[in-house]
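Atoms within each ligand, like the ligands themselves, are counted from 1 in listed order.
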Amino acid sequence: MKPDLKTRHGGRILADALAAQGVRMAFGVPGESYLPVLDGLHDLRDRLSFIVCRQEGGASYMAEAYGKLTGEPGVLFVTRGPGATNGAIGVHTGFQDSTPMVVFIGQVGNEFAEREAFQEIDYRRMYGQMAKWVGQIDRVERIPEYVSHAFHTATAGRPGPVVLALPEDTLFAQAAVADVPRHHVVRPAPSHLDLESVNEWLGKADNPFVILGGSGWTGEACRKLEGWIERAGLPVGTSFRCQDLFDNRSPSYAGDVGIGLNPKLAQRIREADVLLVIGARLGEMTTSAYTLVRAPVPQQSLIHVHAGAEELGRVYRPELAINSGYPQFVDALSNLSFQNSRWREATAAARQEYLEWTEPRPMPGALQYGQLIRWLSDRLPEDTIVAGGAGNFAGWLHRHFRYKGFRTQLGPTNGSMGYGYPAAVAAKLAQPERSVIAVCGDGDFLMNGQEIATAAQYGATFVALVVNNGLYGTIRMHQEREYPGRVFGTELKNPDFAAYARAFGGHGETVERTDEFAPAFERAQASGKPAIIELRIDPDAITPATTLSAIREKAIKSRL
Ligand SMILES: Cc1ncc(C[n+]2csc(CCOP(=O)(O)OP(=O)(O)O)c2C)c(N)n1
Ligand SMILES: [Mg+2]
């Protein structure tokens with residue numbers, strides 16, 4: 001029997017398709033190009049909230065952070081040309097971070113296509129390299145099929161962004177079509193043979209090391225793996241900005257394998273005989289520019305486990321290439337067990353090195369930023385979500401904060417500035433019961449600081465730290481190393497960030513000394529408003545370990 005189908009316009013069909021896929025929150029900036037979608041979302045407003053943002057850059061980061069945090073595709077709506085171009089940053093981030101996302105973009109009607117009509121862009125070409133798939137829905141009755149395809153593609157194997165263009169005529173047209181049920185998340189599992197080989201290679205390893213990374217994990221899989229690794233006595237590192245995949249307090253945790261890597265940890269990885277890599281792509285940041293693991297044939301026996309078949313053998317020719325989802329691999333791994341006292345000794349030594357490396361050191365100035373990060377790490381609830389952006393200020397966070405559970409870190413592995421603030425907004429809206437903080441640089445924050453308006457509008461209350469050194473510090477550091485003393489294009493004149501927060505109805509604090517921080521943080525938390533604490537640090541304190549002046553002097557000496 002044929003179902004009794006109601007006729008709906010394209011916008012409503014699309015909104016219903018999203019609800020059928022399980023979407024409960026979407027982010028965007030409106031445009032006249034997709035008015036029927038807004039009308040459809042209006043009907044579903046009790047089930048699906050649409051978070052209206054101030055700039056598509058912020059909105060796309062929010063959708064990305066939502067996808068990263070929940071594992072469900074982050075959904076973004078942007079308008080034609082200008083919206084699509086502003087929104088590209090979150091799509092690039094989602095691609096490099098393997099985050100499931102589905103991005104909808106308004107498109108000129110088919111009657112004007114290919115004329116370079118108002119704001120017209122061919123999104124297949126524009127987003128071709130940044131998305132897993134780019135489609136355009138030209139027939140209203142096929143909307144449910146395209147949406148189902150998009151959600152399957154975004155979540156399958158190695159997750160990533162999918163882009164769908166919505167020509168105006170498709171959205172205004174009417175059809176009587178059925179919804180498609182929720183997508184499956186398609187992930188492979190390892191074979192018996194894969195497990196036998198892992199058993200064999202690990203069994204004969206004297207000096208193995210495990211690296212975890214990537215997306216597609218679950219909290220349960222992480223906890224299970226933690227137990228297994230601790231029983232086996234293996235040392236573990238986490239790839240760049242994936243520090244929350246393993247409890248940093250575990251005796252097996254040896255540190256993060258990213259920028260500002262502990263040299264002793266680097267040596268351990270270089271000298272490992274077997275490297276078990278689960279989920280990490282082994283990208284440039286994780287491999288210290290492909291030096292920890294030699295390309296294309298690694299010096300270590302590499303066991304590479306990845307959910308995306310195309311990632312296996314892409315850079316490295318592994319000894320074992322295992323195409324598997326991570327919960328599936330961890331389940332299978334539980335059937336193996338190892339006892340090796342040499343591993344335990346190495347793990348204990350690696351742990352000791354981690355503890356020494358992550359102790360905050362004194363830095364120039366009255367504000368000891370490293371100590372503040374450690375204070376927060378010791379004091380915040382274990383499941384606090386810490387959203388960070390890109391810049392040297394993040395180095396202290398990576399080094400001194402101890403992540404204690406799955407999805408407590410939101411960071412852009414593509415090093416994209418402006419991420420932390422909107423990511424924190426999305427995190428607080430997605431999981432309001434958890435505490436959230438954002439850690440931003442002065443340059444980094446103002447790339448999306450306008451989203452404090454979104455935080456205020458929707459009641460996303462959390463504390464953001466803005467680390468003010470009056471510099472695009474990272475670039476200044478590289479500049480001093482390459483062209484010492486020739487400062488150019490890296491200095492910033494900043495606003496009063498506390499006043500900025502207040503102008504949006506938020507709470508603002510300015511902290512110049514270490515002992516001012518704790519009371520300022522308490523006040524900010526108690527304010528019940530989106531809060532900003534500006535941290536005025538000494539610009540000479542350029543990393544947790546060195547100063548700008550030391551870098552300059554070294555560069556000058558090396559040129560004499
Ligand atoms: C969107 C974007 N633009 C530019 C860069 C290049 N970049 C990397 S770090 C950085 C400076 C960061 O400055 P700030 O946020 O103040 O942090 P600091 O390094 O001073 O701690 C720049 C410009 C980038 N990574 N992302
Ligand atoms: Mg700065």
Side-chain angles (χ1 to χ4, degrees), residues 55-62 64-65 85-97 130 240-241 258-260 283-285 289 363-365 367-370 372-373 387-401 411-424 438-451 464-483 487-497 500 510-512 532-549 551-552:
Q55 215 265 21
E56 291 85 353
S60 67
Y61 276 146
M62 285 189 213
E64 198 279 344
T85 43
N86 267 347
I89 195 163
V91 182
H92 167 56
T93 304
F95 194 80
Q96 291 232 303
D97 266 297
M130 273 185 269
F240 183 50
R241 293 191 172 141
I259 298 177
E284 184 181 344
M285 292 296 129
M363 60 183 238
L367 186 55
Q368 296 297 307
Y369 170 44
L372 307 191
I373 295 292
N392 271 25
F393 66 92
W396 281 264
L397 189 60
H398 296 155
R399 190 150 160 182
H400 304 306
F401 198 89
T413 65
N414 65 339
S416 197
M417 287 172 72
Y419 181 83
Y421 195 84
V439 181
C440 314
D442 47 350
D444 169 75
F445 173 75
L446 273 187
M447 287 209 175
N448 277 311
Q450 79 285 343
E451 298 305 340
L465 310 183
V466 175
V467 183
N468 182 359
N469 57 359
L471 299 172
Y472 281 134
T474 312
I475 313 306
R476 174 69 180 276
M477 172 182 76
H478 293 303
Q479 189 167 60
E480 293 285 5
R481 195 192 56 232
E482 299 293 334
Y483 304 102
V487 175
F488 193 78
T490 49
E491 286 171 316
L492 298 172
K493 178 164 166 42
N494 279 318
D496 175 343
F497 289 103
Y500 181 96
T510 310
V511 167
E512 299 192 57
I532 289 178
I533 304 181
E534 176 184 339
L535 302 177
R536 295 211 175 134
I537 68 163
D538 187 324
D540 199 34
I542 198 65
T543 76
T546 189
T547 59
L548 263 184
S549 38
I551 291 172
R552 186 187 311 130

Sub-4.0 Å heavy-atom contact, L471 with ligand 1:
yes

Of all protein heavy atoms, the one nearest atom 20 (O) of ligand 1 is G473 N, 2.7 Å

Taking atom 16 (O) of ligand 1 as the reference point, the nearest protein heavy atom with its distance:
D442 OD1, 2.5 Å

Is I537 close to M363 at the side-chain level, that is, under 4.5 Å between some pair of heavy atoms?
yes

re atom 14 (P) of ligand 1, the protein heavy-atom contact at minimum distance is G443 N, 3.7 Å

For ligand 1, is there an N or O atom under 3.5 Å from any N or O atom of G391?
no

Contact (N/O only, under 3.5 Å) between M417 and ligand 1
yes

Please state which protein non-hydrogen atom is closest to atom 25 (N) of ligand 1 and give its distance, to 0.1 Å?
G415 O, 2.8 Å

Under a plain distance cut-off of 3.5 Å, with no hydrogens placed, do Y419 and E64 share a side-chain donor-acceptor pair?
yes

So, do F393 and V466 sit near enough that their side-chain heavy atoms are less than 4.5 Å apart?
no

Could you tell me if the side chain of L367 sits less than 4.5 Å from the side chain of L372, heavy atoms only?
yes

Would you mind telling me if ligand 1 is within reach of the side chain of N469, the backbone, both or neither, using heavy atoms under 4.0 Å?
side chain

Could you please give the number of protein N/O/S atoms within less than 2.8 Å of the Mg ion (ligand 2)?
3

Please confirm whether I475 comes within less than 3.5 Å of ligand 1 when only nitrogen or oxygen atoms on both sides are compared.
no

For N414 and Q96, test the side chains for any donor-to-acceptor distance below 3.5 angstrom and give the result as yes or no.
no

Between W396 and Y369, how do the two ring planes meet: parallel, tilted or perpendicular, split at 30° and 60°?
tilted

Atom 17 (O) of ligand 1: which protein heavy atom is closest, and how many Å away?
F393 CD2, 3.4 Å

Would you kindly specify which portion of D444 sits under 4.0 Å from ligand 1, judged on non-hydrogen atoms: side chain, backbone, both or neither?
both

State, with a plain yes or no, whether a side-chain heavy atom of S60 is found less than 4.5 Å away from one of T93.
no

Just wondering, do L471 and L492 contact through their side chains at under 4.5 Å, heavy atoms?
no

Using atom types as modelled and distance alone, determine if a side-chain donor or acceptor of D442 lies under 3.5 Å from a backbone N or O of G470.
yes

May I ask you to check whether T543 and N392 show a side-chain donor-acceptor distance below 3.5 Å?
no

Should you measure from each heavy atom of G441, which atoms of ligand 1 turn up under 4.0 Å away?
15 (O)

In terms of heavy-atom contacts, D444 and G418 come closest through OD1-N, 2.7 Å

Taking C-beta and beyond as the side chain, do R241 and H398 meet within less than 4.5 Å on heavy atoms?
yes

